[in-house]
Amino acid sequence: MTKGNLRLVSPRAVIGTVPPRRRPNADLRTREYLTETEVERLIKAAKANRHGQRDATMILLAFRHGLRAAEIVDLRWDQVELGRNACLHVRRVKNGIPTTHPLQGNEMRALRALKRNSPFVFTSERGAPFTQAGFAKMIARLGVEAKFKFGVHPHMLRHACGYSHTRRPQLLAAVAGSDTETQIPINVAALLILAIDDGFRCYSAKTRRGGSRPIVAGTFACNH
């Protein structure tokens with residue numbers, strides 16, 4: 001016997017246990033990098049935080065050395081040398097090639113000002129290693145405080161590193177060389193600087209003579 005108080009209802013349009021689908025980056029912002037001036041604005045906003053020295057140093061190192069969020073939060077003191085030939089031993093993720101980068105004066109001063117209570121360079125208030133999620137939230141919050149008109153995320157600092165190299169002709173000359181036949185575009189050459197450092201996969205294109213050349217426009221690919 002069917003109960004008379006039962007009725008058909010339409011399914012719920014939104015299920016509370018299912019997170020909303022992430023919008024494409026192109027819908028959120030018009031570009032995926034920051035300029036050097038914008039990075040400076042982000043660092044200035046970070047210095048106003050309760051742990052301003054730590055936060056500003058994280059942004060500075062991520063920008064200068066093209067570090068991913070996973071690489072900056074995993075940075076340890078045994079990777080840092082602050083002696084006469086100060087350098088940073090970078091361990092890359094995503095099958096990247098480990099490399100050694102020189103440290104500039106402001107980077108050394110910023111690192112020396114940090115406390116060394118943990119094997120990790122950047123830690124939380126409780127002394128635990130900083131997390132990728134925490135770094136991402138911090139960057140997003142600083143973007144709002146710095147009054148950016150678009151959302152900011154940590155990977156934009158890595159892209160900002162490549163973008164800044166396009167403003168340094170001496171670095172481009174070291175990559176492109178004097179071979180006029182290659183004709184490497186300036187934006188691709190900037191990415192190649194990171195390619196040499198990070199083991200990016202670059203694909204060559206066939207020339208009309210049946211040979212190959214290192215890089216041409218439209219044939220560059222990398223593992224972010």
Side-chain angles (χ1 to χ4, degrees), residues 25 28-93 99-165 167-168 194 197-198 224:
N25 289 341
L28 301 175
R29 49 195 161 264
T30 57
R31 53 186 165 93
E32 289 297 315
Y33 64 88
L34 298 175
T35 64
E36 291 187 67
T37 303
E38 290 170 338
V39 174
E40 292 173 0
R41 284 172 54 190
L42 209 61
I43 292 176
K44 183 178 180 180
K47 289 181 178 179
N49 288 351
R50 180 168 53 181
H51 300 283
Q53 182 64 33
R54 177 201 64 188
D55 299 346
T57 305
M58 292 183 76
I59 296 172
L60 178 63
L61 291 181
F63 165 62
R64 286 277 177 82
H65 304 281
L67 301 179
R68 300 178 179 89
E71 296 165 350
I72 191 68
V73 300
D74 190 53
L75 192 65
R76 303 166 190 252
W77 283 114
D78 59 10
Q79 296 174 246
V80 180
E81 292 186 19
L82 297 176
R84 183 175 181 180
N85 298 317
C87 62
L88 182 70
H89 299 278
V90 180
R91 288 199 297 262
R92 297 292 187 185
V93 299
T99 55
T100 302
H101 295 186
L103 289 172
Q104 299 184 24
N106 58 345
E107 295 175 88
M108 291 188 289
R109 290 189 292 271
L111 287 167
R112 287 193 180 102
L114 296 177
K115 297 179 180 179
R116 300 197 183 193
N117 298 328
S118 168
F120 293 89
V121 177
F122 304 109
T123 58
S124 65
E125 292 181 344
R126 298 181 180 180
F130 217 81
T131 64
Q132 295 185 53
F135 185 48
K137 291 177 182 178
M138 181 190 74
I139 295 297
R141 184 176 66 254
L142 291 175
V144 175
E145 295 175 2
K147 298 181 179 179
F148 285 100
K149 296 181 179 180
F150 51 86
V152 182
H153 61 84
H155 208 72
M156 295 178 80
L157 295 171
R158 175 170 167 80
H159 290 180
C161 178
Y163 176 85
S164 68
H165 288 326
R167 302 297 190 247
R168 295 184 173 91
L194 287 179
D197 176 90
D198 196 24
H224 276 36

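Distance CD/Gln132 to CD/Glu71: 9.5 Å, rounded to 0.5 Å. Leu142 CG to Phe148 CZ: the interatomic distance, rounded to the nearest 0.5 Å, is 9.5 Å. Taken to the nearest 0.5 Å, the CD atom of Glu38 stands 11.0 Å off from the CG atom of Leu157. Interatomic distance, CG of Leu67 versus CZ of Phe135, reported as 8.5 Å (0.5 Å rounding). To the nearest 0.5 angstrom, Thr131 atom OG1 is 13.5 Å from Phe122 atom CZ. To the nearest 0.5 angstrom, Met138 atom CE is 7.5 Å from Arg141 atom CZ.
Here the shortest heavy-atom pairing between Ala70 and Asp74 reads O-CB, 3.3 Å. Shortest non-hydrogen contact noted between Gly143 and Val152 is CA-CG2, 4.0 Å. When every heavy atom of Leu34 is checked against every heavy atom of Ala160, the shortest pair comes out as O-CB, 3.1 Å. The two atoms that bring Pro154 and Ala69 nearest to each other are CB-CB, 4.2 Å, heavy atoms only. Ala56 and Ile43 make their closest contact through CB-CG2, 3.9 Å (heavy atoms, listed as atom of the first residue, atom of the second, distance). Pairing each heavy atom of Ser124 with each of Arg54, the nearest pair is CA-NH1, 3.9 Å.
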| task | Give the intermediate values and the outcome of side chain to side chain contact (heavy atoms under 4.5 Å, CB included) for residues Leu42 and Met156. | result | CA-CA 12 Å; Leu42 209 61; Met156 295 178 80; over 6 Å; no
| task | Would you sort out whether Ile59 and Ile72 count as a side chain to side chain contact (heavy atoms under 4.5 Å, CB included), showing the intermediate values? | result | CA-CA 9 Å; Ile59 296 172; Ile72 191 68; over 6 Å; no
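Using a 4.5 Å cut-off on side-chain heavy atoms (C-beta onward), His89 and Cys87 make contact. Side-chain contact between Phe130 and Leu75 is absent, with no heavy-atom pair separated by less than 4.5 Å. Annotation: side chain of Leu114 is in contact with side chain of Thr57 (closest heavy-atom distance under 4.5 Å).
With hydrogens and angles ignored, the 3.5 Å screen pairs no side-chain donor or acceptor of Gln79 with any backbone N or O of Leu88. Looking at Arg68, its side chain never comes within 3.5 Å of a backbone N or O of Arg158 through a donor-acceptor pair. At distances below 3.5 Å, not a single donor-acceptor pair connects side-chain atoms of Glu107 with backbone N or O atoms of Leu60. The closest donor-acceptor contact from the side chain of Arg31 to the backbone of Tyr33 lies under 3.5 Å. Of the possible donor and acceptor atoms, one in the side chain of Arg112 sits under 3.5 Å from a partner among the backbone N and O of Leu82.
Relative orientation of the His153 and His155 rings is parallel, given thresholds of 30° and 60° on the angle between their planes.
Atom CZ of Arg50 has 12 or fewer neighbouring heavy atoms from other residues, nucleotides or ligands inside a 6.0 Å radius.
For the side-chain contact (heavy atoms from CB on, under 4.5 Å) with Leu103, the lone residue among Met108, Glu81, Arg109 that qualifies is Met108.
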